[in-house]
2 protein chains.
Amino acid sequence: MSKCEQCIVREFSSLKALTKAELLKLSECKTSHVIKKGEVIFEEGEHVNGIYCIKDGICKLTKLSANGKDHIVKLVTKGELLGQRSMISEEPVNLSAVALEDMQVCFIPKSDMMGFFDHNNHFSMNVMKTICGNLKEADDHTVNLAQKTVKERLAETLLYLHNTFGKNEDDSLKVQLSRDELASMIGTATESCIRLLSDFKKLDLIELNGKKIILKDINKLKKIAD
Amino acid sequence: MSKCEQCIVREFSSLKALTKAELLKLSECKTSHVIKKGEVIFEEGEHVNGIYCIKDGICKLTKLSANGKDHIVKLVTKGELLGQRSMISEEPVNLSAVALEDMQVCFIPKSDMMGFFDHNNHFSMNVMKTICGNLKEADDHTVNLAQKTVKERLAETLLYLHNTFGKNEDDSLKVQLSRDELASMIGTATESCIRLLSDFKKLDLIELNGKKIILKDINKLKKIAD
DNA sequence: GCTTATATATGATAATTATCATATTTTAGT
DNA sequence: ACTAAAATATGATAATTATCATATATAAGC
């Protein structure tokens, strides 16, 4: 059982507000898990009796739409927590979480979590601020989806992936999404997404190498994204 | 100065968790305001040093998109609170609030609000749950916008207006939005919105009478909305 | 390493949606 | 009540996006 006190990712989430005593308790109540790429952490509608702290890796949060397609609502990476909303609302999760690469996560039972929540005001305030931040992002995202064209959304999403998750040594985007996943992030048909990527490639804005995508002209992409 | 203790709308928001003593204090610190149709309650980017409790009327929350159009993110009506997210995040508001009809609102300064927040756990938990509910709604909304056609979104929005805000004695929708506003809710061009409304009318799904809209075939609209 | 399945790519075409033009109706201001 | 301005409506057309078909490339399983 690893020590939460020594875990660096703690610093990036609301958990940084926990006291030393609380961190010791956390080390005891948490369970560590390895999740393989493609595996489901939890599924829409499930009761998740706690939250997950992502120690390493990236996952997608998806929601099944009325037409039967999965839509990727957001990507979540190390340092962030999963399942906070549902824990506080005391409701099933409304999104599914699926690993995009191998992950290490810690599960913290709801009862322990709520204990910290009730006794450490600083911590609960942090959680609250995080959720408020999520809400703001969600509203911004909504407006982008509603008002921008598919091309603009693709450019914006590529830049987002670049800025948020960075790149490998060969300059390719660190998060590797399939064309299908990329399409389901920007809300378009897979073929349309592929076609626009080809267009961007022809315009020398990006370079395609299998699943690898390299952004070659960030400024022009920014102009397209608006 | 009216008594918050006797105010019915209190029952519909997080404020219902306040104690009698807190309600008395609330009566003293709040200020009442009448907002005329079309007037702005607050504007995107502003520092709103408190929250608004809607006693009567409906307003729209909008966000300016990159293309210069206002997008209506959501509608808020009596019983609900405005500005909670921004108060907790300690950030400027990210949305503008504009009255769709004459309104009565009460403004509660941040300092008093945060006092209740710190000392009444039941109340802060209620606020939190409300915000979590908003986040869930926002995610659902995002998926709808991304995956549905304009026609489906229009049908869905009409049903939403019907279910959420009800109808007048003549069966017309209580919230009266201009075609432009309706378009900016579903994320389409005004002309497209008008055209689809005309189509719905020809199919006998709705009746149009100036700004008044009457839903005539709710089941068929549901089928279109999915 | 070969075979099958899956992902990516591209063409052809249809459907959806936006834009521009213009007519008509409604609303607002004097 | 009259005029100007704004909102609604509709046609014509262009642009965007989806769908279906099919080819090629890549990955997965044995």
Side-chain angles (χ1 to χ4, degrees), chain A residues 36-38 65-71 100-101 144-158 172-173 176-203 206-214 224-226, chain B residues 36-39 65-72 100-101 144-158 172-173 176-203 206-214 224-226:
Chain A
K36 292 265 169 202
K37 179 177 174 172
S65 76
N67 62 30
K69 283 190 207 165
D70 264 328
H71 181 81
L100 288 176
E101 46 184 55
N144 277 335
L145 275 172
Q147 302 282 347
K148 288 189 175 176
T149 64
V150 175
K151 191 193 283 184
E152 289 167 347
R153 267 140 57 195
L154 175 59
E156 189 182 41
T157 302
L158 291 175
S172 65
L173 294 180
Q176 281 200 17
L177 297 171
S178 68
R179 304 293 189 263
D180 194 53
E181 286 171 326
L182 197 50
S184 101
M185 262 191 96
I186 66 183
T188 190
T190 309
E191 297 96 320
S192 300
C193 175
I194 291 174
R195 229 178 283 272
L196 285 170
L197 282 173
S198 298
D199 290 352
F200 283 3
K201 184 183 174 181
K202 276 172 202 145
L203 293 169
I206 61 173
E207 203 179 304
L208 296 174
N209 237 313
K211 256 196 196 23
K212 296 194 172 188
I213 301 176
I214 299 177
I224 291 174
D226 250 355
Chain B
K36 292 265 172 203
K37 179 177 174 172
E39 279 180 6
S65 75
N67 62 29
K69 283 190 208 166
D70 265 328
H71 180 81
I72 298 184
L100 287 177
E101 46 184 55
N144 277 334
L145 274 172
Q147 302 283 346
K148 288 188 177 178
T149 64
V150 176
K151 191 192 283 184
E152 290 167 347
R153 268 139 59 195
L154 175 58
E156 189 182 40
T157 302
L158 291 175
S172 64
L173 294 180
Q176 281 199 17
L177 297 172
S178 69
R179 303 292 188 262
D180 195 52
E181 286 170 325
L182 197 49
S184 102
M185 261 191 96
I186 65 182
T188 191
T190 310
E191 297 96 321
S192 300
C193 175
I194 291 173
R195 230 178 282 273
L196 285 170
L197 282 173
S198 297
D199 291 350
F200 282 3
K201 184 182 174 180
K202 276 172 202 145
L203 292 170
I206 62 173
E207 203 179 304
L208 296 173
N209 237 315
K211 254 195 198 23
K212 295 195 174 189
I213 300 176
I214 298 177
I224 291 174
D226 251 356

#### Entry: Distance in angstrom units between A/I213 CD1 and C/dA7 C1', rounded
13 Å
### Length of the CD-C1' vector between B/E181 and D/dA6, whole Å
13 Å
### Task
Check the distance between C/dT8's P and A/Q176's CD and give it to me in whole angstrom.
10 Å
Review item, nucleotides 22-25 of chain D N/O atoms under 3.5 Å of protein N/O:
none

### Message
What I'd like to find out is whether the side chain of A/I214 reaches to under 4.5 Å of the side chain of A/N209, using heavy atoms alone.
### Response
no
#### Entry: Between D/dG11 (P) and B/I194 (CD1): distance, integer Å
13 Å
### Query
If the sugar-phosphate is the primed atoms plus P, OP1 and OP2 and the base is the rest, what is the B/S/- string for nucleotides 17-27 of chain C, using protein heavy atoms under 4.0 Å?
SBBB-------
### Task
Not counting sequence neighbours, which residues clear side-chain contact (heavy atoms from CB on, under 4.5 Å) with A/A146? List them please.
B/H71, B/L145
Sequence neighbours excluded and cut-off under 3.5 Å, please list the side-chain donor-acceptor pairs for residues 184-197 of chain B, or say none.
unit_1, atom_1, unit_2, atom_2, d
B/S184, OG, B/D70, O, 3.4
B/S184, OG, B/I72, N, 3.4
B/S184, OG, B/E181, O, 3.4
B/T190, OG1, B/D180, OD1, 2.8

### Query
Looking at residues at least two apart in the chain, or sitting in another chain, which of them share a side-chain contact (heavy atoms from CB on, under 4.5 Å) with A/K148?
A/N144, A/E152, A/R153, A/E156, A/D226, B/A66
### Task
Rounded to 10°, tell me the angle between the two end axes of the helix from C/dG1-D/dC30 to C/dT30-D/dA1, each built from five pairs.
60°
### Query
In whole Å, what is the span from the CG atom of B/D199 to the C1' atom of C/dT16?
12 Å
